[in-house]
Amino acid sequence: MSFFYKKGFTFFMKNKLASLIANSVAVCTKKGLLPDIRLPQIEIEVPANPDHGDYASNIAMVLASQARQNPRKIVQAIQENLDDSEGILEKTQIAGPGFLNFVVKDDLWRQVLRKVLDEKEKYGCLDIGGEKKVQVEFVSANPTGPLHIGHARGAVVGDVLSSLLTATGYRVSKEYYINDAGNQMNNLGKSVLYRYRELLGEKIEFPDNCYQGDYIKEIASDIIKREGRHYLAQNEEETVSYFNAVAGGVILEDIKKDLKDFGVTFDFYFSEKELYKDNGVSNLLDSLQKQGFIYSDGETLWFKTTAYGDEKDRVVIRKNGDPTYFAADIAYHQNKFARGFDILIDIWGADHHGYMPRLWAAIQALGHDKNDLKIILVQLVNLLRAGEPVAMSTRAGEFVTLREVLDEVGKDAARYNFLMRRSDSHLDFDLEVAKKQSNENPVFYVQYAHARICSIIRMAGERGMICPAFENTDPSLLVEPEERTLIKMLARYPEMLEGTARTLEIHRITFYLNELAGAFHSYYNRNKVVTDNAALSAARLVLIDAVRVVLGNALKILGVNAPEKM
RNA sequence: GCGCCCAUGGCUCAGCUGGAUAGAGCGCCAGACUACGAAUCUGGAUGUCGCAAGUUCGAAUCUUGCUGGGCGCACCA
């Protein structure tokens, strides 16, 4: 019997069972038990209740109206004519309104352990991406201040998504877009100048649009230390521009360092200024105007985004002649495609959702499919401390930075907490809870399962029982229901990754991990792994080693440490 | 006013894209270490899946309409 299944056990079994059913229906038709009908897509599902078998098919209910027969009668005919010549099934049963339930032989399930242990850290890696080039753009915060907790969530989502897509066969590039051409950056330079003057004795009223955090003061004070006070006498515009560059550079380096300590790295930092080189933006607009996507009302230039379903057209060149942010963004996305990416993924704060239609319109005008740009919205983080909201304001400089969160709760807990909800739903992040080393904090639950397994294997080794290879064990000794549950869960891992990659809903990984860790803890408390029975111990060591591998693989995608001791 | 998202036990959320008796964690109650790690486990109580229609063998899931909440609706980024 061949157990070659590239996309995982479940995928393999579903195909197998679907073809068994298709054959049986054909036989039934030939025998006159069923009328000559068009066979629909055969769905094989995994029942929520294990009493309903390992897999189930609703085929009889789907056929019922077409065949004008009672579903129970149809399913009986199908069951009786099922030809399991390979002997993969323990039994089949008919249940409910007409489900056909399949129980797969335990021997077959146990082969999953062989696969996990053969492939080790590669187990779960898929090739569904077909080496397509994907670019994930995320964080992209303007270097006007340190990253705060809201950025942190987007950072983890982008980072984990990138790891996931890499593991499932895409070629991924992670990019950070630096908005350094607009007037926010100008305000940064101005803010530094105000602090500079203040530090040198002037009395300053800070305008609303200036940044007032302490980091601005530090940068101003560094400039004074290094270069003195001569900027007081110089042309303000030049000084602001220079201070801009200095401050932007310093802050960007700090951001990079914070991200690195958070486990987030980028392949590329892209500066908005690049887009304006060689008149890039205006050349692009010219060419779009020739194609009829852009028109003038005499004073301003408009992009006809309504042609692609936006609610109104959008300005690209203002009355004063300056291009809008949108204009640069069109050029940026054209640039991305020009670099050869097949799929673009943008990760935005959910408050930007109104911006989606115009960007989709733009890429369609550029000749791409709407589906080539996927936009993931990340909802804001509700920061709490012991249940009480923490005030946040960027301008006033009152916010909790990524750095502070890292220092307070650590990388693993912070990352895991951000991954426990769908990214498009609000997230309460409680600093006190994230710090707790208790079961209120699921990251420890999962890490503990991993450490516990390592500990058992260590202890077995000390007693002279080295964790054996699958070939040297008798897996048929694994007969406990908890063992079957664990094996089935390991088998589901590649399929879970596939669904996660397809939907880009990375929270599914944390839910899977919680379940797997729970199944293991439960098993552990009921069954002793290392016993006097050498053969049984060997088989169980192989089982928990496979659990360890899968826990480790999934945690690796999340960028969370899988400790051997805690 | 228009558009997008959301509504599931007391709280925070899942629900594998239409399946069988809707699940976890926290909290509450009652139990389990002379034991491979108790950061764990076992059992119990809690639900008109916001409301109302529709689609079909079958709806938390799809359609429409309400109600209630979040967020957008710049020649800001």
Side-chain angles (χ1 to χ4, degrees), chain A residues 10 43 45-49 51-52 56 58 60-62 64-65 70-71 95-99 101 140 142 179 181-185 209 272 299-302 310-312 314-326 328-329 349-357 377 379-380 387 420-422 424-428 430 433 436-445 447-449 451-460 462-463 492 495-496 498-500 502-503 505 507-508 510-512 514-515 517-518 520-531 537 540-541 544 565-566:
Chain A
T10 305
E43 304 283 348
E45 59 199 27
V46 180
N49 185 340
D51 293 341
H52 297 149
N58 61 352
M61 275 102 79
V62 179
S65 63
N70 183 317
F99 287 103
N101 296 339
S140 300
N142 293 353
N179 261 173
N183 44 26
Q184 288 204 16
M185 288 301 284
N209 58 3
E272 184 184 0
E299 292 181 307
T300 59
L301 280 188
W302 295 79
D310 198 4
E311 55 186 12
K312 57 184 177 187
R314 307 292 173 173
V315 171
V316 284
I317 298 290
R318 287 183 267 248
K319 210 184 281 183
N320 69 7
D322 288 344
T324 60
Y325 175 84
F326 178 46
D329 221 14
D351 53 340
H352 288 66
H353 66 80
Y355 191 78
M356 291 163 46
L377 297 178
Q379 271 290 2
L380 299 180
M420 288 193 316
R421 304 249 179 300
R422 309 173 56 96
D424 58 3
S425 72
H426 286 272
L427 169 77
D428 288 341
D430 194 311
V433 173
K436 273 189 197 162
Q437 307 212 344
S438 77
N439 46 7
E440 274 178 81
N441 199 351
V443 66
F444 291 107
Y445 185 74
Q447 289 184 319
Y448 181 49
R452 204 175 214 185
I453 294 172
C454 292
S455 164
I456 297 169
I457 292 173
R458 239 184 350 255
M459 194 272 318
E462 282 161 15
R463 296 190 195 170
R492 222 182 70 208
E495 195 199 38
M496 182 279 297
E498 198 212 325
T500 305
R502 203 183 57 241
T503 58
E505 293 175 352
H507 69 283
R508 292 187 189 190
T510 47
F511 280 92
Y512 173 83
N514 279 324
E515 261 183 64
F520 167 73
H521 285 309
S522 183
Y523 172 63
Y524 169 89
N525 274 278
R526 227 172 240 198
N527 304 90
K528 205 154 176 188
V529 174
V530 179
T531 63
S537 303
R540 288 183 170 174
L541 280 170
I544 65 165
K565 283 180 187 171
M566 292 174 70

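Just so we're clear, the structure is a prediction, and the values are computed from it rather than from any experiment. Residue numbers begin at 1 in each chain, while the letters A, B, ... track the order of the sequences.
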So which heavy atom on [X] is nearest to which on [Y], and how close?
| X | Y | result |
| --- | --- | --- |
| A:Y523 | A:I544 | CE2-CG2, 4.1 Å |
| A:D424 | A:Q379 | O-CG, 3.2 Å |
| A:E272 | A:A328 | OE2-CB, 3.6 Å |
| A:D310 | A:P357 | OD1-CB, 3.5 Å |

Atom-pair distance ([atom1] on [X]; [atom2] on [N]), nearest Å:
| X | N | atom1 | atom2 | value |
| --- | --- | --- | --- | --- |
| A:K565 | B:C36 | NZ | P | 17 Å |
| A:E498 | B:U17 | CD | P | 10 Å |
| A:E311 | B:C73 | CD | C1' | 6 Å |
| A:E505 | B:C16 | CD | C1' | 9 Å |
| A:D351 | B:C73 | CG | P | 9 Å |
| A:H507 | B:U12 | NE2 | P | 17 Å |
| A:E462 | B:C36 | CD | C1' | 11 Å |
| A:R421 | B:A7 | CZ | C1' | 15 Å |

Between [N] and [M], how far apart are the two [atom1] atoms, rounded to whole Å?
| N | M | atom1 | answer |
| --- | --- | --- | --- |
| B:A24 | B:U46 | P | 14 Å |
| B:A14 | B:U61 | C1' | 13 Å |
| B:C62 | B:G18 | P | 8 Å |
| B:G70 | B:C13 | P | 15 Å |

Using purine N1 to pyrimidine N3 plus N6-O4 or O6-N4 for Watson-Crick, or N1-O2 and O6-N3 for G-U wobble, each under 3.5 Å, what pairs with [N]?
| N | result |
| --- | --- |
| B:G58 | none |
| B:G65 | B:C51 |
| B:A22 | none |
| B:G3 | B:C71 |
| B:G43 | B:C29 |

Does B:U17 sit syn or anti, given that only angles within 90° of 0 count as syn?
syn
Counting any heavy atom closer than 4.0 Å, what does [X] reach on the DNA or RNA strands: base, sugar-phosphate only, or nothing?
| X | value |
| --- | --- |
| A:F326 | nothing |
| A:F511 | sugar-phosphate |
| A:S522 | sugar-phosphate |
| A:N527 | base |
| A:A460 | nothing |
| A:N58 | base |
| A:K312 | sugar-phosphate |
| A:D51 | nothing |
| A:R463 | sugar-phosphate |
| A:R526 | sugar-phosphate |
| A:R314 | nothing |
| A:M496 | nothing |
| A:H52 | base |
| A:A56 | base |

Nearest to side-chain heavy atoms of [X], which nucleotide of [options]:
| X | options | value |
| --- | --- | --- |
| A:S455 | B:U40, B:C36, B:G72 | B:C36 |
| A:M566 | B:A39, B:G15, B:G3 | B:A39 |
| A:P97 | B:G19, B:C75, B:G37 | B:G19 |
| A:Y355 | B:C75, B:A77, B:A39 | B:A77 |
| A:H352 | B:A77, B:G37, B:C41 | B:A77 |
| A:I456 | B:G37, B:A14, B:U21 | B:G37 |
| A:A48 | B:A77, B:C36, B:C16 | B:C16 |
| A:E45 | B:C71, B:A14, B:G19 | B:G19 |
| A:P47 | B:C75, B:A20, B:C71 | B:A20 |
| A:R422 | B:G15, B:C75, B:U42 | B:G15 |

Can you tell me if the side-chain N/O atoms of A:Y325 get under 4.0 Å from OP1 or OP2 in B:A77?
no
Side-chain N,O (A:Y445) to OP1/OP2 (B:C41) below 4.0 Å
yes
Salt-bridge test for A:E495 and A:R492: reply yes if a basic N is under 4.0 Å from a carboxylate O, no otherwise.
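Looking at A:R492 together with A:E495, the answer is no, because their closest N to O distance does not fall below 4.0 Å.
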Check A:T300, A:T324, A:D322, A:L301 against A:I317 for a side chain to side chain contact (heavy atoms under 4.5 Å, CB included) and give me the one that passes.
A:L301
Start at the 5' end of RNA chain B and walk down; is the nucleotide closest to A:D428 or to A:M61 reached first?
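Comparing both residues, the 5'-ward one is A:D428.
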First encountered from the 5' end of RNA chain B, between A:Y524 and A:V62
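Looking at RNA chain B, the more 5' nearest nucleotide goes with A:V62.
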Any donor-acceptor N/O pair under 3.5 Å between B:C71 base and A:H353 side chain
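For A:H353, whose side chain was compared with the base of B:C71, there is a donor-acceptor pair (under 3.5 Å).
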Do A:R452 and A:H521 have a side chain donor and acceptor closer than 3.5 Å?
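Side-chain D/A pair, A:R452 to A:H521: present.
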Can you tell me if A:R540 uses its side chain to pair, donor with acceptor, with the backbone of A:K528 under 3.5 Å?
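Checking the backbone N and O of A:K528 against the side chain of A:R540, a donor-acceptor pair under 3.5 Å is found.
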Applying the 5.5 Å / 30° rule, does A:F99 stack onto the base of B:A20?
yes
Rounded to the nearest 0.5 Å, what separation is found between the CZ atom of A:R422 and the CG atom of A:L427?
13.5 Å
Is the A:Y524 ring parallel, tilted or perpendicular to the A:F520 ring (thresholds 30°, 60°)?
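Tilted.
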